[in-house]
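Lettering of chains follows the sequences in order, A, B, ..., and the numbering in each one begins at 1.
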2 protein chains.
Amino acid sequence: MNGTDPEMIADGRRRKGERRRRLLLDAVMRVVERDGVAAVSQRRVAAEAGVAPSAVTYYYAAVDDLLVDALTRVNDTYVAALATLPDDADAALRALAGMIAVGPERAHVMAECELFLLAARRPALRPQIERWNRAVDAFLAPHVPDPDDRAGVCAAVDGLFVRACTEPGLTVEEVYRTLSRLVSRNGRAALR
Amino acid sequence: MNGTDPEMIADGRRRKGERRRRLLLDAVMRVVERDGVAAVSQRRVAAEAGVAPSAVTYYYAAVDDLLVDALTRVNDTYVAALATLPDDADAALRALAGMIAVGPERAHVMAECELFLLAARRPALRPQIERWNRAVDAFLAPHVPDPDDRAGVCAAVDGLFVRACTEPGLTVEEVYRTLSRLVSRNGRAALR
DNA sequence: TAGAATCTGGTGCGAACGCTCAGGTTTATT
DNA sequence: AATAAACCTGAGCGTTCGCACCAGATTCTA
């Protein structure tokens with residue numbers, strides 16, 4: 001994320017502004033979770049955050065910018081999470097599966113997916129996509145050395161994210177099983 | 001698709017109606033292609049089809065129904081296309097890659113992707129998702145016999161669809177390469 | 001303490017939205 | 001020719017939307 005840690009800002013005015021920004025972004029996420037990206041509007045977010053509609057305009061010139069910022073933040077958390085997964089292949093895959101198949105907390109997963117589709121149309125989000133792709137690729141690199149093999153596993157990770165959106169009942173066990181199969185077939189163990 | 005072939009309907013009135021319905025659905029696809037699912041509205045579709053706004057309401061009680069119908073049709077074409085792919089593994093994968101990486105004609109690919117995300121919220125679209133998943137699974141079954149291995153390849157297919165949306169420059173060659181790698185690693189050839 | 005920067009909430013405009021409805025046109029049936 | 005069914009439309013109602021504008025409150029700097 002481009003945002004500096006709010007607590008590190010000296011100026012108390014700006015600090016309050018940053019806090020306010022977070023309030024709005026959290027509200028956006030709640031709206032996305034409940035009604036989807038399409039339902040995100042200036043007024044609705046304001047109502048969700050308990051704030052005057054004009055406050056949204058104050059911090060974001062257009063609602064579109066708000067959306068971009070919110071989805072960027074979601075991507076941040078995922079990229080960061082990928083970077084801190086354990087080194088051990090099995091443990092890492094299990095953790096990744098846990099990130100994908102999260103029953104009730106689907107909001108972030110769906111937001112990440114909607115980010116992908118949104119990026120297909122909005123150039124402003126393209127860098128986020130590339131960041132995500134690079135992060136997945138880097139995470140898999142140690143376990144699936146061959147780039148061509150890795151491309152398939154990367155695609156599968158994306159596909160599993162989508163499936164997690166469409167199938168709320170998807171379990172961590174299922175995702176883990178699929179992932180570990182893929183890695184064992186395409187990864188180190190399969191190399192001759 | 002539930003719709004009967006319009007040309008087979010005896011009643012000229014209904015036939016005209018069916019033609020009209022197609023006109024609207026084509027307009028929807030054009031709007032989706034240009035501005036995304038979010039931009040689909042009664043008035044916009046009507047304008048795109050060169051029809052009075054009330055005409056949309058006449059054929060579809062709510063715009064949501066229009067969207068469901070349009071996306072269902074897209075899914076129809078994909079499911080049908082999957083069913084008629086050649087038996088030969090290599091030829092089939094090449095054809096599938098051609099379905100995914102279609103440069104300018106991305107509209108249908110994106111529509112299929114948006115269908116997936118929409119279905120995450122609308123129960124009316126759930127059956128379409130399951131139909132798609134079954135179709136992919138059935139297509140891959142001869143080439144990737146083991147169900148657990150197949151799950152990974154299925155996920156990768158979905159992921160490649162998403163990637164085709166976010167990367168307009170994705171080539172058929174790249175997709176084919178990835179797919180054939182996956183199948184050779186997970187499929188018949190890899191079995192012991 | 002003065003002044004600048006930041007924040008806040010209220011009001012309102014123009015546009016687009018979904019949807020209803022009364023009534024007119026076309027086509028099929030009898 | 002008469003009746004009915006299906007098709008089609010223009011006008012319009014009520015709602016929501018994004019955004020602009022601005023007066024006043026708050027907060028920091030000097």
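- For A:Tyr60 and D:dC17, the OH to C1' distance is 20 Å, given to the nearest whole Å.
- Counting to the nearest Å, the P atom of C:dC7 and the CZ atom of A:Arg22 are 15 Å from each other.
- As judged by a 4.0 angstrom heavy-atom cut-off over every strand, B:Ser41 is placed among residues touching the sugar-phosphate backbone only.
- Of the N and O atoms on the side chains of A:Asp65 and A:Tyr59, not one donor lies less than 3.5 Å from an acceptor on the other residue.
- Among the nucleotides C:dT6, D:dT9, C:dG10, the one closest to any side-chain atom of A:Ser54 is C:dG10.
- The 5' end of DNA chain C is approached more closely, in terms of each residue's nearest nucleotide, by A:Arg21 than by the other of A:Arg21 and B:Thr57.
- Donor-acceptor pairing under 3.5 Å is recorded for the side chains of A:Asn133 and B:Arg163.
- Rounded to an integer number of Å, the gap from CG of A:Leu66 to C1' of D:dC19 is 14 Å.
- Between the CZ atom of B:Arg20 and the C1' atom of D:dC7 there is a distance of 8 Å, given to the nearest Å.
- The CD atom of A:Glu18 sits 9 Å away from the P atom of C:dC7 (whole-angstrom rounding).
- Taking the nucleotide of DNA chain D with the nearest heavy atom to each of B:Ala52 and A:Arg44, the more 5' of the two is matched to B:Ala52.
- Rounded to the nearest 0.5 Å, atoms CG (B:Leu118) and CZ (B:Arg126) are 11.5 Å apart.
- Linking Ile, Leu, Val, Met, Phe, Trp and Tyr whenever their side-chain heavy atoms come within less than 4.5 Å puts A:Tyr78 and A:Leu93 in one cluster.
- Among the nucleotides C:dC19, D:dC19, D:dC7, the one closest to any side-chain atom of A:Gln42 is D:dC19.
- Taking atom CZ of residue B:Arg43 and atom P of nucleotide D:dT9, one finds them 15 Å apart after rounding to whole Å.
- B:Leu67 has its CG atom 11 Å from the P atom of C:dG18, to the nearest Å.
- Here C:dG18 presents its P atom at 12 Å from CG of B:Asp65, a figure rounded to the nearest Å.
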